[in-house]
Amino acid sequence: MSKNQLPDPNRDFPAWYIEVVKRAGMAEHSLAKGTMVAKPYGYGMWERVQRALDDRFKLTGHENLYFPLFFPESLLSKEAEHVEGFSPELAIITHGGGVELEEPLVVRPTSEALIWSTYANWIQSYRDLPLLYNQWGNVVRWELRTRLFLRTSEFLWQEGHTAHATAEEAHREALQMLEVYKEVAEEVLAIPVIAGRKSESEKFAGAATTFTIEGLMRDGRALQCGTSHFLGQNFAKAYDVTFLGSDGERRHVWGTSWGASWRLIGGVVMTHGDERGLRIPPKIAPVQVVIIPIYRSDEERSAVLEVAHKIRDSLTGQGLRVRVDDRDHHRPGFKFSEWELKGVPVRIEIGPKDVAAHQVVLVRRAGGAKEQVATSAAVDGMAGELERAQQDLYDDALEYRNAHTHTASTYDELRDGITATGGLWVGPWCGRGTCEERVTADTKATIRTLPLTPEDPGAPCAVCGQKGAETATWARAY
RNA sequence: CGGGGCGUAGCGCAGCUUGGUUAGCGCGCCUGCUUUGGGAGCAGGAGGCCGGCGGUUCGAAUCCGCCCGCCCCGACCA
């Protein structure tokens, strides 16, 4: 059989993940602990995700800007909960230019502190509102345990920061951007996600309410794929951001912030990958169609390549991303395996027999046998083929999630269920931290989502039995 | 920070216990020939401050000390 088998994802998912990411050429570890080199194949996916998000940010009225990587340490300390949340993960610069700095600089773990302290100067009147800005950049969080794409000391992301005159408007903004994340996750990354609200213990340090989208990975663990925060007036008060209303009253502004990172790429790997490697959704695939020429002699080679290049050109003309793998030092079988590992949605094989018959062999990564198709039909039908591949990945992932979503009404069901099967467990929760902590202590699962808007009191709490619970979704998470 | 492990060619490793002439193996890489429809074969070749510093010794990858780095488990993860 084939060589260089990947670890079995069903037996050792973490080993499978790291091998796929490395061998597909997405990323590798770099020199400093916990840092990562994003290689072209992985960065190419990130570029597609960036574009999908950025287009939607613009359509919803936002503009990009850029704040610096460093700011004075003292700035952070103005919002008590915020500084407490971040202080363990800060990278702090104490020296520059060969001398000790008068005041240390922090490398941003997120930019709320700097941005709100700056917004204070930009906002005077209700006429300056709303402020709808976003920035693309990197942040640093000194993580103890890191994983490629999922948790690295430095990572790439975007962070949106908006300021509004009313709580209602800010709240709407936070939910609107959550919806943008959900749309990108589902329609672009083909990852079905649950949109919800975080519990008090899981929310962002400094936020009034944190919203999240959560996906379910193939090993039964949940992954937070994006968060959007309604900040209330917390940062406005900490950094004294006020405006004069049309009524002449001075008020603090209401804020939001929202972020998504290249962790999404890790989510794609863990949602769609299989024992052969990656399966990349066509919308973010750096290569959507790979053409493998097959030949023996030089004459065959030039005849086959001529057709291969023609097909490539007409597909490229449709706006598709196509690669002809004309490397002469690898045989076809090697290329088949390699492009499957790299998750290219559609492969076209062309040999001398196909050239003679004006056909190609078409192979879908998502499964199914090889199919002989007339060349013209393959070219004309490719866009539709990729749309189906995109949909198939989503449908597969949704089916998996549905099959791994369970309900529990008693504590035994919840605890034993999480421990035995993983996946998502839905059960009523009274809202008290003690009940939440008990589940986490017993199962290592956390509340991933609560309903977007608080529910009317319902069934008794699965943990303590007290009435007035709302529906919580539990899972072990990354 | 606590517990455990590891630093030898691009990658993965052996050698170290019991010091000894030129430090090996697999993969990868380079050249040539034969191959090419599911991970090619043969032949030749290149590539090493053996993590660093110091010590013991006629002689150190190997023994001793110190240092540095990385990995795994735990604590942590807004």
Side-chain angles (χ1 to χ4, degrees), chain A residues 1-6 12 14-15 18-19 22-23 28-35 76 79-90 108-113 139-147 150-153 155 159 198-212 223-224 227-229 231 234-235 257 259 261 263 276-277 291-301 304-305 325-342 347-357 359-363 369-370 372 440 444 446 476-478:
Chain A
M1 268 293 284
S2 53
K3 294 181 195 169
N4 297 320
Q5 285 280 357
L6 288 168
D12 191 348
I18 203 164
E19 277 294 303
K22 283 182 176 174
R23 281 167 55 176
E28 63 187 38
H29 291 287
S30 188
L31 296 177
K33 182 176 179 171
T35 61
L76 208 53
E79 216 289 340
E81 199 185 334
H82 192 59
V83 64
E84 192 182 327
F86 277 108
S87 56
E89 325 181 36
L90 287 180
R108 64 179 169 215
T110 181
S111 300
E112 273 80 2
V139 286
V140 170
R141 299 176 186 182
W142 216 256
E143 301 288 355
L144 298 173
R145 293 199 65 178
T146 58
R147 294 167 62 93
L150 299 175
R151 175 169 287 115
T152 44
S153 294
F155 59 89
E159 45 180 323
K198 285 296 189 188
S199 67
E200 193 63 24
S201 70
E202 295 281 323
K203 82 174 169 60
F204 173 66
T209 312
T210 289
F211 301 105
T212 179
L223 181 73
Q224 179 173 300
T227 52
S228 180
H229 314 289
L231 300 175
N234 294 349
F235 285 90
S257 66
S261 75
R263 162 180 267 207
R276 289 182 169 193
I291 302 174
I292 313 286
I294 294 156
Y295 49 81
R296 295 164 193 270
S297 62
D298 281 350
E299 298 80 67
E300 284 182 353
R301 179 173 194 273
V304 165
L305 279 179
D325 188 351
D326 59 359
R327 290 176 298 175
D328 216 11
H329 55 284
H330 285 303
R331 292 164 57 182
F334 178 91
K335 296 176 183 176
F336 298 162
S337 303
E338 183 170 83
W339 289 108
E340 281 167 3
L341 171 69
K342 289 168 88 77
R347 177 172 83 235
I348 290 175
E349 305 173 9
I350 311 174
K353 296 176 219 164
D354 301 311
V355 172
Q359 66 176 28
V360 298
V361 172
L362 191 141
V363 188
K370 298 190 180 190
Q372 296 184 333
T440 301
K444 295 193 174 177
T446 49
R476 290 176 180 155
Y478 278 94

For the [atom1] atoms, the ones on [N] and on [M], what distance do you get once it is rounded to whole angstrom?
N      : M      : atom1 : answer
G20(B) : G28(B) : P     : 32 Å
G48(B) : G12(B) : C1'   : 16 Å
C6(B)  : A14(B) : C1'   : 15 Å
U62(B) : U56(B) : C1'   : 13 Å
C71(B) : G54(B) : P     : 28 Å
C66(B) : G3(B)  : P     : 15 Å
G5(B)  : C63(B) : P     : 16 Å
G4(B)  : G44(B) : P     : 48 Å

Select one nucleotide: of C76(B), G39(B), G74(B), the one nearest the side-chain heavy atoms of Lys444(A).
->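 The answer is G74(B), which lies nearest to the side chain.
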
Taking the side chain of Arg276(A) as heavy atoms from C-beta outward, which of G37(B), G39(B), G38(B) is closest to it?
->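 Looking only at side-chain atoms, Arg276(A) lies closest to G38(B).
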
Scan nucleotides 30-36 of chain B against the protein and return all N/O pairs shorter than 3.5 Å with their distances rounded to 0.1 Å.
from   : atom 1 : to        : atom 2 : distance (Å)
U36(B) : OP1    : Arg296(A) : NH1    : 2.9
U36(B) : OP2    : Arg296(A) : NH1    : 3.2
U36(B) : O2'    : Tyr295(A) : O      : 3.1
U36(B) : O4     : Arg296(A) : O      : 3.0

Return the orientation label for the Phe204(A) and His82(A) ring planes: parallel under 30°, perpendicular over 60°, tilted otherwise.
->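 Plane angle over 60°, so perpendicular.
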
Within this structure, what is the [atom1]-to-[atom2] distance between [X] and [N], rounded to whole angstrom?
X         : N      : atom1 : atom2 : answer
Glu143(A) : A75(B) : CD    : P     : 15 Å
Lys22(A)  : G12(B) : NZ    : C1'   : 11 Å
Glu28(A)  : C70(B) : CD    : P     : 16 Å
Glu340(A) : G37(B) : CD    : P     : 14 Å
Leu6(A)   : G39(B) : CG    : P     : 16 Å
Leu144(A) : C70(B) : CG    : P     : 13 Å
Lys198(A) : C77(B) : NZ    : C1'   : 12 Å
Ile18(A)  : C11(B) : CD1   : P     : 15 Å

Reported CZ-to-CD distance for the pair Arg23(A) and Glu338(A), which is rounded to 0.5 angstrom =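 Reported value, rounded in 0.5 Å steps: 10.0 Å.
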
Which base sits across from [N] as a Watson-Crick or G-U pair, both distances under 3.5 Å?
N      : answer
C6(B)  : G69(B)
A14(B) : none
A40(B) : U34(B)
A60(B) : none
G47(B) : none
G28(B) : none
U21(B) : none

Is the shortest side-chain heavy-atom distance between [X] and [Y] below 4.5 Å?
X         : Y         : answer
Arg151(A) : Tyr478(A) : no
Leu341(A) : Leu6(A)   : yes
Glu112(A) : Glu79(A)  : no

Can you establish whether the number of heavy atoms outside Arg296(A) located under 6.0 Å from its atom CZ is more than 12?
->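 Atom CZ in Arg296(A) is not crowded, with 12 or fewer foreign heavy atoms closer than 6.0 Å.
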
Lys33(A), NZ atom: more than 12 neighbouring heavy atoms under 6.0 Å |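 At most 12 heavy atoms, drawn from other residues, nucleotides or ligands, come within 6.0 Å of this atom.
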
Residue closer to the 5' end of RNA chain B, His29(A) versus Val355(A) (nearest nucleotide) =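 This one resolves to Val355(A).
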
Would you kindly compare Glu349(A) and Phe155(A) by the position of their nearest RNA chain B nucleotide and give the one closer to the 5′ end?
->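 Going by which nucleotide is closer to the 5' end, it is Glu349(A).
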
Could you check whether [X] gets within reach of a base, just the sugar-phosphate, or nothing at all, counting any heavy atom under 4.0 Å?
X         : value
Glu89(A)  : base
Arg347(A) : base
Glu81(A)  : nothing

Go through the side-chain N and O atoms of Asp326(A) and Tyr295(A) and say whether any donor and acceptor fall under 3.5 Å apart.
->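 Per modelled atom types, Asp326(A) and Tyr295(A) side chains form no pair under 3.5 Å.
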
May I ask you to say whether Lys335(A) pairs ionically with Glu349(A), meaning some side-chain N is under 4.0 Å from a carboxylate O?
->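 Salt bridge flag = no for Glu349(A) with Lys335(A).
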
Under 3.5 Å donor-acceptor pair, Lys335(A) side-chain atoms to G37(B) base atoms =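 Side chain to base: no pair present.
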
Checking Arg263(A) against Phe155(A): charged group under 6.0 Å from the ring centre and within 45 degrees of the axis?
->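 Here Arg263(A) fails the 6.0 Å and 45° test against Phe155(A).
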
